[in-house]
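Here the structure is laid out as structure tokens; the discussion comes afterwards.
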Amino acid sequence: MKSILFILSIIFLFSCTEKPKELPFYGMSVVNSPLGLDTIFNPLPNFEFTNQMGTKVNNETFMGKAFVADFFFTSCPGICPKMTRNMLKIYDIYKEDVNFISHSVDPKRDSVEKLNTYANKVGIKNAETWHFVRAPKEEISKMADTYMVIAYEDSTVSGGFEHGGQFILVDENQFVRGFYNGLDDESVDRLITDIKLLLKEE
Amino acid sequence: MENEIQDKKGMKKTILVAFAILIGFFVISKILSSISSDPAQQSYEKHCASCHGVNGEGLKDLIPPLANADWLLENQDKFACIIKNGISGNLVVNGKTYNQAMDGKNLNDVQIYNIINYINQSWGNDIAVITTEDVQKQLLNCK
């Protein structure tokens, strides 16, 4: 009996201590020293997209501020509205401190005008914080690979595109710091707490 | 000395009882919460709420509302088919034009029946309850 109480009290003790948490780095790493003690991660490679205002955006546009990225397309009949709904939830909390980028996976149909209409419909009237961007197909796949998520054309799925529902968290120096399921409320809440951590780090 | 042992025993008992009560509360609250959410609401929340919202409010100017929507009232005869097969093109709901395609849902007759009646009777909606026969008849005649 005593030992059970002891174990229980230990569990309680540990459940109360809050570990100072730091977000991990993701991506291809390079081991730097001969001893292999220094692991260096790569930031995002150079990119350039066109946003819903027809303006070119690139690494520089986003440098110095963390951002959340996802993949979608405006004529998506399935998961995209839910992702947009969840992204809006994050946007409402962090629009002052964090940028947002939604990559269209459908460059054929998603013209600047279409992206602009979609952005307006969800209440994003300018591209100061939230960019809805288009790029040639190869650029989109390259970006998806960098984020290590799925985004490709597939005529067998509804809407014609396969894309994961992930939200990707990128820090102010453009290192990938987290993956979340944009369709799952708990995962989105985790992203909300992680952004807080990341902002403290900066 | 004996008293002390008695005291210790008494304390152990109290702790045990406290634990039992805690666990009991936990179990009961879990059971209660699973009973109170009805299957119709669960189906709605699983298949519809991500776009139309848990309160049928829609999503900004992208997704039309289901709560107090004139369009819904006027299109009851197509409701089951729309859930089953989806819909696309312009829709004017409460004077506002929406144009976002919706996927058909892979649901059975009972689930569709549940969802329709849940929507028809929630958030201030007061549309007549339909029967499973109504749903089946509609589904046989989808265009």
Side-chain angles (χ1 to χ4, degrees), chain A residues 1-9 11-12 15 52 70 72-89 91-92 102 106 109-110 113-125 130 132 156-163 165 181-188, chain B residues 4-23 26 37 42 44-66 82-93 96-107:
Chain A
M1 184 59 210
K2 237 181 202 164
S3 58
I4 293 175
L5 275 179
F6 179 72
I7 292 167
L8 278 176
S9 57
I11 292 171
F12 273 119
S15 63
Q52 74 268 35
D70 73 347
F72 86 115
F73 57 110
T74 64
S75 47
C76 172
I79 63 173
C80 307
K82 170 143 205 186
M83 292 171 68
T84 301
R85 180 186 289 282
N86 282 335
M87 199 75 135
L88 273 167
K89 189 172 154 191
Y91 174 84
D92 284 338
S102 289
D106 183 7
R109 285 183 290 180
D110 282 346
E113 200 192 338
K114 274 260 182 72
L115 291 174
N116 194 295
T117 307
Y118 189 90
N120 269 302
K121 277 186 186 171
V122 296
I124 307 301
K125 304 291 178 201
W130 191 344
F132 293 83
T156 64
V157 301
S158 150
F161 291 90
E162 182 65 91
H163 66 101
N181 180 353
L183 302 167
D184 177 69
D185 292 339
E186 268 176 42
S187 190
V188 171
Chain B
E4 227 172 81
I5 294 171
Q6 281 293 326
D7 274 357
K8 267 190 185 165
K9 268 192 183 160
M11 206 169 87
K12 273 182 198 169
K13 220 177 185 179
T14 320
I15 292 172
L16 269 179
V17 170
F19 265 117
I21 289 173
L22 262 177
I23 291 168
F26 183 71
S37 52
Q42 278 176 0
Y44 174 80
E45 287 178 359
K46 184 163 179 214
H47 300 285
C48 318
S50 62
C51 291
H52 291 285
V54 278
N55 297 309
E57 73 275 21
L59 178 61
K60 308 252 175 176
D61 294 341
L62 197 65
I63 311 279
L66 298 170
I82 292 169
I83 295 174
K84 185 108 188 165
N85 301 323
I87 189 168
S88 61
N90 277 349
L91 290 184
V92 180
V93 182
K96 204 191 261 178
T97 306
Y98 296 85
N99 187 352
Q100 190 74 19
M102 167 180 132
D103 259 348
K105 307 277 176 268
N106 188 16
L107 298 170

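Computed over heavy atoms, backbone and side chain alike; hydrogens, waters and symmetry mates excluded. Naming: A, B, ... by sequence-line order, numbering from 1 per chain.
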* Answer yes or no: are there more than 12 heavy-atom neighbours, outside A:Asp92 itself, under 6.0 Å from its atom CG? => yes
* To do: Flag the pair A:Lys121 / B:Tyr98 as yes when at least one side-chain heavy-atom distance between them is below 4.5 Å, and no otherwise.
  => no
* Heavy-atom contact with chain B under 4.5 Å, split by part of A:Leu88 -> side chain
* Taking all heavy atoms of B:Leu59 and all of A:Pro81, pick out the closest pair and write down the distance. => CD2-O, 3.6 Å
* **Which atom of A:Lys82 lies closest to which atom of B:Ser50, heavy atoms considered** => CD-CB, 3.0 Å
* To do: Against chain B, label A:Cys76 side chain, backbone, both or neither, depending on which of its atoms sit under 4.5 Å from a heavy atom there.
  => backbone
* Under a 4.5 Å heavy-atom cutoff, which of B:Ser88, B:Gly86, B:Cys51 has the most pairs with chain A? -> B:Cys51
* Which atoms form the tightest heavy-atom contact between A:Gly78 and B:Asp103, and what is the distance? -> CA-OD2, 3.8 Å
* Residue B:Leu62 versus chain A: region with a heavy atom under 4.5 Å -> both
* Among A:Thr117, A:Ile79, A:Val122, which has the most heavy-atom pairs under 4.5 Å with chain B? -> A:Val122
* Neighbour count >12 (heavy atoms, 6.0 Å) for atom NZ, B:Lys13 -> no
* With a 4.5 angstrom heavy-atom cut-off, could you sort out which part of A:Thr74 is near chain B: side chain, backbone, both or neither? => backbone
* B:His52 versus chain A, heavy atoms under 4.5 Å apart: side chain, backbone, both or neither? -> backbone
